[in-house]
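Shown next, in structure tokens, is the structure this report addresses.
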Amino acid sequence: MERTLILLKPDAVQRRLIGRVIGRFECKGLKVIGMRLMQISDELAATHYEAHQGKPFYAGLVQFMTSGPVVAMALEGNKAINVCRKLMGATFGSDADAGTIRGDFGISDGFNLVHGSDSPEAAQRELELFFDASDLHSYDLIDDKWNATE
Ligand code: IDP
Ligand code: MG
């Protein structure tokens with residue numbers, strides 16, 4: 001089982017898409033093990049997106065991500081990191097395939113609704129940035145058997 005960090009970005013909150021976007025992850029079989037509505041500080045945005053510092057879109061990205069509340073979620077499941085990236089779709093809404101979150105709910109390139117960790121190392125780092133260990137919950141669901149790796 002893998003864990004990954006998903007952020008519903010400020011555009012998802014502003015556009016009242018929280019429920020529908022979380023529903024995509026739940027429908028797939030991912031388990032919500034942590035969730036918070038929060039405002040990202042400039043410092044947290046800079047740390048989270050440190051790999052993008054110096055890129056032309058960096059300042060706008062930090063401004064966007066700190067412009068209003070986000071929903072941070074820790075999701076768990078079989079190959080969760082890659083599965084979530086596929087559910088999200090390509091980075092730009094204009095490129096993302098129909099059937100993906102970015103492909104179905106937006107057309108903007110930068111305002112693309114969701115963030116998802118892109119590797120096990122990134123997932124561990126990002127989960128620690130957004131959650132205390134005590135706010136991640138291990139629990140059984142009645143359909144765990146059908147979402148297992150077999
Ligand atoms: P990802 O979110 O699909 O992993 P990254 O390349 O890691 O994409 O970029 C992080 C975020 O920065 C994107 O989700 C998007 O919001 C923003 N971004 C990336 N490239 C551009 C760009 O060329 N113009 C505007 N925003 C961008
Ligand atoms: Mg990325």
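What you are looking at is a predicted structure, and each value in this text was computed from that prediction instead of being measured. All residue numbers in this chain count up from 1 along the given sequence. Note that ligands are numbered from 1 as they come in the structure, with each ligand's atoms numbered from 1 the same way.
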Walk me through it: do Asp109 and Ser94 pass the test side chain to side chain donor-acceptor pair (under 3.5 Å)?
CA-CA 6 Å; Asp109 293 340; Ser94 59; 2.7 Å; yes
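Heavy atoms of other residues, nucleotides or ligands lying less than 6.0 angstrom from CD of Glu50 number more than 12.
Side chain of Asn112 to backbone of Thr91: a donor-acceptor contact under 3.5 angstrom is found.
Applying the salt bridge (Lys or Arg N to Asp or Glu O under 4.0 Å) test to Asp104 and every residue at least two apart in sequence or in another chain returns Arg24. Partners of His52 by ring pair (Phe, Tyr, Trp, His ring centres under 6.0 Å), not counting sequence neighbours, listed by chain and number: Tyr49, Phe57.
Closer than 4.0 angstrom to ligand 1 by heavy atom are Lys9, Tyr49, His52, Phe57, Leu61, Arg85, Thr91, Phe92, Arg102, Gly110, Asn112, sorted by chain and number.
Pairs of residues two or more places apart, or lying in two chains, never qualify as side-chain hydrogen bond (donor to acceptor under 3.5 Å, both in side chains) while including a residue from residues 59-75.
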